[in-house]
Each structure stands twice: as C-alpha cells, then as structure tokens.
Amino acid sequence: MSFPRNLLPDSAAVGVDGGLVLGGRDVTDLAAEHGTPLFVYDEQHLIDRCEETVDAWGPGVAYASKAFLCRAMARLAAEAGMSIDVATGGELHVVLAADVDPASVVFHGNNKSAAELEMALEHGVGRIVVDSFDEIERLHTVAEGAGQVPQVMVRINPGVEAHTHEYLSTGVSDSKFGFPMQGGAAARAVHTIRDSGSMELAGVHAHVGSQVFDVDSFVQAFDAISPFLTDSGAEELSIGGGLGVAYVEGESAPTMREWADAVRSAAKRSGVTARVTAEPGRSIVATAAITVYSVGTIKEVPGIRTYLAVDGGMSDNPRPVLYGSGYEAFLPRSLDAERDGTYRIVGKHCESGDVIVRDAALPSDVSVGDLVATPVTGAYGHSMGSNYNKVLRPPVVFVRNGVSRVVVERETYDDLLAHDVG
Ligand code: LLP
C-alpha cells in the first residue's frame, strides 16, 4: 500500500532510493542540512493554492494568516492577489513587515485594543471587522482622534452550527464572536455604524467554523445571512474561512472551487447582489507542509503498546492535544514501505498527553535515529507553536525547483533569554 498522496504536498515524489522528495529536494538531505524538528513547505503548492483561491473567489479574497504566518508567506499570498486577514497587532506587524499593501489587510479580532485600532488606522489598514458594541465605541473614538473614516465590516453570528469540533465552531448562538442576528444586535450594529459619521460600512462578515467538510454548512449559513445582508444594504459579504482538509487516510475534502461555487450559487439563488468573498487559511497551507522529526527512543510496554518518542511534540503541533486531531506518519527514507507496525508517537514534553499520533502505522523496522514525518502540518502548527519546556521552535524551510531556503530560523537558547531581564 502506498502512502496516500492526497495527504502530501503537490510536488511530492519518490526518489530513486525510495525516499520522499519535496520541491525537488530529498527530505533526508534537508533534515541533515537543517536539523530536526523541521517544517518543510512546498512553496509551489502554496503559490498554486493561493492562485486557485483567487480564481475561485475573485481578487481580494483574503488569506487567514493565523493558519501560518511569516513574511515569506504574507508576500506570497499578496503576490497571488490575495488580501490578508490578521487578528492581532502582532499578525499585523508581521504582515506590514512583509511590505504588503496595508489597504489589502482585513483586521479581525473579538477584543481589539485601542492601541491595535490606532495601529490599524496609522498604517491605513483597508478593513476593520468590528465584533462588539464596545469595539464600535472604541473605534469611533480612535477614528475621530485620527481624523479618519475607516472602512468597517460587521461580524455577525448567523446562529448556524457547522459540523466540526466544538472549539472550532464559531457560528452558533453561544459564541464570543460576532453580533448575533437573533435579537437584533447585528442590525443595531449596522445602524450604529451608519449613524456614526466616523466609520463607513463596507460589508458584513460571518465565519461559521473551521475544518468544515460539508459545503452545505456554508450554504445554510449563507441562506441564514442573506435576508440580513439585503436589509443592511452592505455591498460585500465575507463568508469567512473554514474549508476542511484531509488529515488522515480515507478523508477527502471539497475543493476550493466546489466551496466557492456552492456559496456563489446560493447567492445567485437568493438574488444577493453584494460581492461574496471568503477568507480561507487552512485549505491553502495545511497540505503544503510536513514536519520532520528524529526518533530518539522506542519503548515497548509489553502487552500494551510501543511508544516512539520524537524530538518535538505538543510545542510544534498542539492540535492532537487540543482537539484530539488525527495525523498519519511515514518514514521519509521509504515513503511507500509497508506500514506494518503500530506506534504511539509522542513528543519530549513532560506530559503524558504529549501525543502527536495516537496509533501511527509505520514500518516495523523503524529504529532510533530514523526520521519520521507527519504530513498536513502546514496550518495551525507553526502558528500555534510554543516554547513549553523551553523547547526551541523549529525552523521553516521552503522548497521549490530543487532549491531550499530557510524562511524562519530555528530558535536558539539565547532567544529563550531575550526578554528574561531578571
Ligand atoms: N476567518 C476568521 C474570522 C477565522 O476566525 C478563521 C479561523 C479563519 C478565517 C480561517 O479559518 P480556516 O480556513 O483556517 O479554517 N486552531 C484551530 C483552528 C482555529 C480557526 C480559528 N479561526 C485548528 O488548529 O484547527
């Protein structure tokens, strides 16, 4: 059985020795050059996904940078014609440092501070998505102080449940995000902005959840929103992000085109004339990357299981711990070798819960010193990484056309003390 190709970056190929080649570079060589753990991104895959997204949704569709952000990624998305969604001053700072046109930035967040709003206005951020009456008031004050009239989108909560993990579901009524449509808060937010004189209503925004496999969830959300959209007179609707990706064998997800077409048809059917756009993150970057680890110990607990410990863990991929997310694993030295053993892949953190793959199928000749890789780690891995146990964050390497380049360096022990002034 060969390793499922839909879980690997587009450029994945098997070299003459049976090893995995990405972007024309042998993954074993990359690990030797850059060390492990290591994030390897197929740059062409990223470019193609961004372009596909622009083709499907039209120019101005936003990349949700929370999924994976560094300057190289921000540049790449902007060059493909995407806007960029940021959710904090920190994300905005990185995007601005990549020389992205601030007018193409969309600023999200359910609790933006006055300082973040000032930063947005100072740099000329294109859209601010307001999420609460407190924020509307805060932005009013900041905008008047700056003598500017920001373009504002109202994040509404349509009260539609997307089929996904509870923590990833954001469109239900019981949510910290957005203005609920039920009870009229969303309509009041629109009127408050229209009456303010200090802000201009640019559109309406909704995001119903993440890792959603069923495009019908988006259609339902759209159908719930469209009467409100029409009443509001807003000229743009962003349906947010959320398109799911396959993480494990047997899963398959809708394509960007299928997602866009489903939402677009719903818009047509309901006579909506507003520009309908979206803001995907995961579906652009998740499958573009793999994480490469080194196996440090293999411990058989007789009659129970075999633990295989790698040199990273929940600090580079907290998703299994947070959401119980599943992953596959393979040996880069022999991608298609029969995976006849079962291992619990764990990290090096001081927690029993520090699991990367609960029941990984791997060739049973795996041994200490081998490289082991997990695919589909391009989204919410590097971006949600931590320094827990003072473990250093791994580097990010882009590969393309036989060339690799480091876009984020591995942290050093000195970095751990950079702000420790005690
Ligand atoms: N727009 C808004 C307003 C969002 O809140 C999000 C994700 C997106 C767009 C992008 O969603 P995507 O296309 O990536 O699904 N850490 C979780 C995912 C949290 C998503 C938060 N918001 C995970 O690892 O699954």
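One-based numbering, in listed order, for ligands and for the atoms of each.
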Does [X] reach ligand 1 with a nitrogen or oxygen that is under 3.5 Å from one of the ligand's nitrogen or oxygen atoms?
X: P280; answer: no
X: R319; answer: yes
X: S210; answer: yes
X: Y323; answer: yes

Under a 3.5 Å threshold, yes or no: a donor from one side chain and an acceptor from the other, between [X] and [Y]?
X: T287; Y: H45; value: no
X: T377; Y: N317; value: no
X: Y388; Y: D354; value: no

**Request:** Please find out if less than 6.0 Å separates the ring center of F68 from that of F39.
**Result:** no

**Request:** Compute the ring centroids of H108 and H207, then answer whether they are less than 6.0 Å apart.
**Result:** no

For ligand 1, which atoms, with element, lie under 4.0 Å from some heavy atom of [X]?
X: M384; answer: 16 (N), 24 (O)
X: R282; answer: 12 (P), 13 (O), 14 (O), 18 (C), 23 (C), 25 (O)
X: R155; answer: 3 (C)
X: G281; answer: 12 (P), 13 (O), 14 (O)
X: A64; answer: 8 (C), 9 (C), 10 (C)

**Request:** To the nearest 0.5 angstrom, please state how far the CG atom of N110 sits from the CD atom of E135.
**Result:** 8.5 Å

**Asked** So, do E409 and D415 sit near enough that their side-chain heavy atoms are less than 4.5 Å apart?
**Response** no

**Request:** Measure the shortest side-chain to side-chain distance between V285 and L46 over non-hydrogen atoms and say whether it is less than 4.5 angstrom.
**Result:** yes

**Prompt:** Sub-3.5 Å donor-acceptor pair from the side chain of Y307 to the main-chain atoms of V346, do we have one?
**Reply:** no

**Prompt:** Side chain or backbone of D85 under 4.0 Å from ligand 1, or both, or neither, by non-hydrogen atoms?
**Reply:** side chain

**Fill in**
At under 4.0 Å between heavy atoms, what of E279 touches ligand 1? The answer is both

**Message:** Taking a cutoff of less than 4.0 Å between a non-hydrogen atom of the residue and any ligand atom, is F177 in contact with ligand 1?
**Reply:** no

**Item:** Sub-4.0 Å heavy-atom contact, G242 with ligand 1
**Value:** yes

